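All of these numbers come straight from a predicted model, not from anything done at the bench.
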Amino acid sequence: AEEKVASDGETTIGVYQDGIFDIKSGDALNAGDLVSYSGANIVRKSTAADILSGAVLGKALETASVDEVIQVRVNL
């Protein structure tokens, strides 16, 4: 992964698609919950619509309260 600088002429960027990352929780979560994006570096519990549409980011590896940073297993 890398930082994208405006006006550098690049039209592509590398991103991580697999790994364990520290991400802030926007909801109360239980370990094992499927999570989806809720904003920049924020996840929330996935809804049925997220699951059906493939919008699931990964799985919470820890129990979390709102605004707590937890480990999330990302596997896109």
(message) Within the 4.5 Å heavy-atom criterion, are Ile70 and Ile23 side-chain neighbours or not?
(response)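 Side-chain contact under 4.5 Å: no.
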
(request) Could you check if a side-chain atom of Ile20 sits within less than 4.5 angstrom of a side-chain atom of Val72, using non-hydrogen atoms only? (result)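 In short, these two side chains do not touch, never coming nearer than 4.5 Å.
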
Please say yes or no: joined through hydrophobic side-chain contacts below 4.5 Å, possibly via intermediate residues, are [X] and [Y] part of one cluster?
{"X": "Tyr37", "Y": "Leu34", "answer": "no"}
{"X": "Val74", "Y": "Leu61", "answer": "no"}
{"X": "Leu57", "Y": "Leu52", "answer": "no"}

Sorted by first residue and then second, give each side chain to side chain donor-acceptor pair (under 3.5 Å) pair with at least one member in [range]; sequence neighbours left out.
{"range": "residues 44-54", "value": "Ser36-Ser46, Ser36-Asp50, Arg44-Asp50, Thr47-Asp50"}
{"range": "residues 66-76", "value": "Asp18-Arg73, Ser65-Glu68"}
{"range": "residues 22-34", "value": "none"}

(message) If you count heavy atoms of other groups shown closer than 6.0 angstrom to CZ of Phe21, is the number above 12?
(response) yes

(request) Output, in order, the C-alpha distance, side-chain angles, deciding distance and verdict of side chain to side chain contact (heavy atoms under 4.5 Å, CB included) for Val35 and Val56. (result) CA-CA 6 Å; Val35 295; Val56 173; over 6 Å; no

